[in-house]
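Okay, structure first, notes after.
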There are 2 protein chains.
Amino acid sequence: MTPPPAISDAVTIELNAVLVALTGNQPLVLTLEDGALLPSGPFATEHPTLQSGVRAWVERQTQHPLGYVEQLYTFADRNRPASDGQRRVVSISYLGLTRERLSAGARDPEWRSWYRYFPWEDWRAGPSPLVAQTILPQLSTWADAAGAVAQQRERRQRIDVNFGDGVENWNEDLILQRYELLYEAGLVPETLQERNRAAPSAVEPVPGMPMRHDHRRILATGIARLRAKIKYRPVFFELMPPEFTLLQLQRAVEALAGRPMHKQNFRRLIDQQGLVEPTGASTSETRGRPAKLFRFRREIVLERSVAGTKLPLSRPI
Amino acid sequence: MTPPPAISDAVTIELNAVLVALTGNQPLVLTLEDGALLPSGPFATEHPTLQSGVRAWVERQTQHPLGYVEQLYTFADRNRPASDGQRRVVSISYLGLTRERLSAGARDPEWRSWYRYFPWEDWRAGPSPLVAQTILPQLSTWADAAGAVAQQRERRQRIDVNFGDGVENWNEDLILQRYELLYEAGLVPETLQERNRAAPSAVEPVPGMPMRHDHRRILATGIARLRAKIKYRPVFFELMPPEFTLLQLQRAVEALAGRPMHKQNFRRLIDQQGLVEPTGASTSETRGRPAKLFRFRREIVLERSVAGTKLPLSRPI
DNA sequence: CTTGATTATGCTCATTCTTAGTATAATTAA
DNA sequence: TTAATTATACTAAGAATGAGCATAATCAAG
């Protein structure tokens, strides 16, 4: 145990951002180079903290304030040397939510639906047919190809836990684990590039656009974090316009979760938790009965500490 | 937006670990230098990944395998220059759980109850008197001292959310926020060192041992993560011996959560989830009726993907 | 102006999950 | 033999959840 803070070799820090916005019921993520990369930036000495570094750099580029920023993960990839060929790169990734998006339709910083990268994650219209028809059969082949019987069983169990049967037992939070499983099974192009550059694999990769480096993995991490977070913290308001109808809010949450929700119960929950208040106005932009407009009650975030415990704490003291 | 991974100034990586063990119903954390520091180590080039770096370094030092390792947080503290006086330090902290502990009673790597650092967090015997008697009055003074009325109200609300009234509305997961609030209010010695080195503050710091640098903050982050995690993932088994009684398990969880639990309901939950299986043996180490011994069903971790949703997903598909 | 389609919203109901017990069993220490 | 201690089974009230029916308010066609 080295008492004084130990000093290691020098490394270079790279910041990566998963920037999320929401338009027309699509969850969007900011990409570069024809969707092949997430925005990356330097961490320069002038920034007092990492978070302020991310904010400064993103806001300068997008001209829009970041509503919410959260650190995702830090890792050091041995396979990715710094471009100066010398130092190792440590990348720190962040999730950022923003309310408006810049330059819709622009080519280089471009907003894309994240379901282009993870088409199997969109279950808003029911079970994604990709899972049952394409993914599960291929994963099944992979499981059978394992050497030992024990390993076959283990693979099958992991497949079952993470993908269910294609209809039931789908847990939208497991997006990262699912991507990792596909990666391990060699069913995403990223694997091929890395392992079989010389000898391309025989299996057809699963649909879904790849990214360079590990960026699709970082994106999966961001989506997973966001999907988990909305269940106990109303961060989705950071993505909404100042006023909205309850159906718009529901569609937004569904876009993030990738799952349909029960309309009446959704309203009941939002209402019970006192998350919104009516503005008094209503809108007739929809076809049917005009919907009341609501705004988010910002105070609530301070008021509540929310937490869904699973352990039998005695008395709600 | 800089397309190619941008390169920033060189920095030095420091790894910090919150290593947790459990003995005699006390949650222990490994410390150095008379409890003033968490173990820190270098991240050297030979390690393929950060996680393997942490494992290697910790296991070499403690001679014990780490059951579970999880990244906590990364940050760059402008106030802490590298000891070579040149490069900036970026510290990456990890949480590690270990089943046995080395050298009980040793002086330098020393295991200490984490409640020595956060005495107000121990509510196992009911509401901690420290909160109502010492902390809340001092925080109240601090709130009143705010300049603007709006700021006073905001402070009071934060106090209320994070500390409740000293008896009710205590959320054990908010340990980090509570520490940060005390820090902001100048009620922990760490603040004094930093801000008022010349002119010591008039207020008496709240009981609880401080640490150097930001180590007590890192510890709070680790405890918070662990307290939150045990609610949806049975990581506490990493801290248990191979065989245990249900009461021992309950005491372990209570030590982590800092809250008492309802015995019968605890058992029912553990049982329902199929987390344990009887070994067939029982123990008479306790005074009363002998308890059955159980072991953890490791398979269950694979089988279950657990998740407590708060949103009204339609049908449990 | 009537009808059907569409969206909004109020309300009910069965089921499950929690919380907080009571009751009883099996031990040891005195 | 009794009191204290620990383990375990069982129950009942209340809250939260998931599903659906019913009704209201609007627009687009005919």
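A note on names: the letters A, B, ... follow the listed sequences, proteins ahead of strands, and every chain is numbered from 1.
- Between L269(A) atom CG and dA19(D) atom C1' there is a gap of 14 Å when expressed in whole angstrom units.
- When the C1' atom of dT9(C) is taken as reference, atom CZ of F266(A) falls 14 Å away, rounded to whole Å.
- A salt bridge links E238(A) with R298(A): the closest approach of a Lys/Arg side-chain nitrogen to an acidic carboxylate oxygen falls below 4.0 angstrom.
- With sequence neighbours excluded, no residue forms a salt bridge (Lys or Arg N to Asp or Glu O under 4.0 Å) with R289(A).
- With sequence neighbours excluded, the residues satisfying salt bridge (Lys or Arg N to Asp or Glu O under 4.0 Å) with E70(B) are R225(B), K229(B).
- Under the side-chain hydrogen bond (donor to acceptor under 3.5 Å, both in side chains) criterion, Q250(B) pairs with E254(B), not counting sequence neighbours.
- Side-chain to base pairing of R268(A) with dG18(D): one donor and one acceptor N or O lie within less than 3.5 Å of each other.
- Classification of E172(A) and R178(A) as a salt-bridged pair fails, no side-chain N sitting under 4.0 Å from a carboxylate O.
- If you take CZ of R267(B) and P of dA23(C), they are 19 Å apart, rounded to a whole angstrom.
- Put simply, CD on Q273(A) is 11 Å from P on dA16(D), counting in whole angstrom units.
- A straight line from CD1 of I270(B) to P of dA7(D) spans 14 Å, rounded to a whole angstrom.
- Residue pairs meeting the salt bridge (Lys or Arg N to Asp or Glu O under 4.0 Å) criterion with at least one partner in residues 123-134 of chain A, sequence neighbours excluded, are D122(A)-R124(A).
- Distances shorter than 4.0 Å separate some side-chain N or O of K263(A) from OP1 or OP2 on dA8(C).
- For R156(B), the salt bridge (Lys or Arg N to Asp or Glu O under 4.0 Å) criterion is met by D144(B), not counting sequence neighbours.
- Atom NZ in K231(A) sits roughly 20 Å away from atom P in dA16(D) (whole-Å rounding).
- Considering only side-chain atoms of L247(B), the nucleotide from dT8(D), dT6(D), dG10(C) that sits closest is dT6(D).
- Going from atom CD of Q272(A) over to atom P of dA15(D) covers 12 Å, rounded to whole Å.
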Original post:
Could you write nucleotides 20-30 of chain D as a row of B, S and -, 5' to 3', where a protein heavy atom under 4.0 Å of any base atom gives B, of only sugar-phosphate atoms gives S, and otherwise -?
Top reply: BB--BBBS---
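- Between Q250(B) atom CD and dT8(D) atom P the separation is 12 Å, expressed in whole Å.
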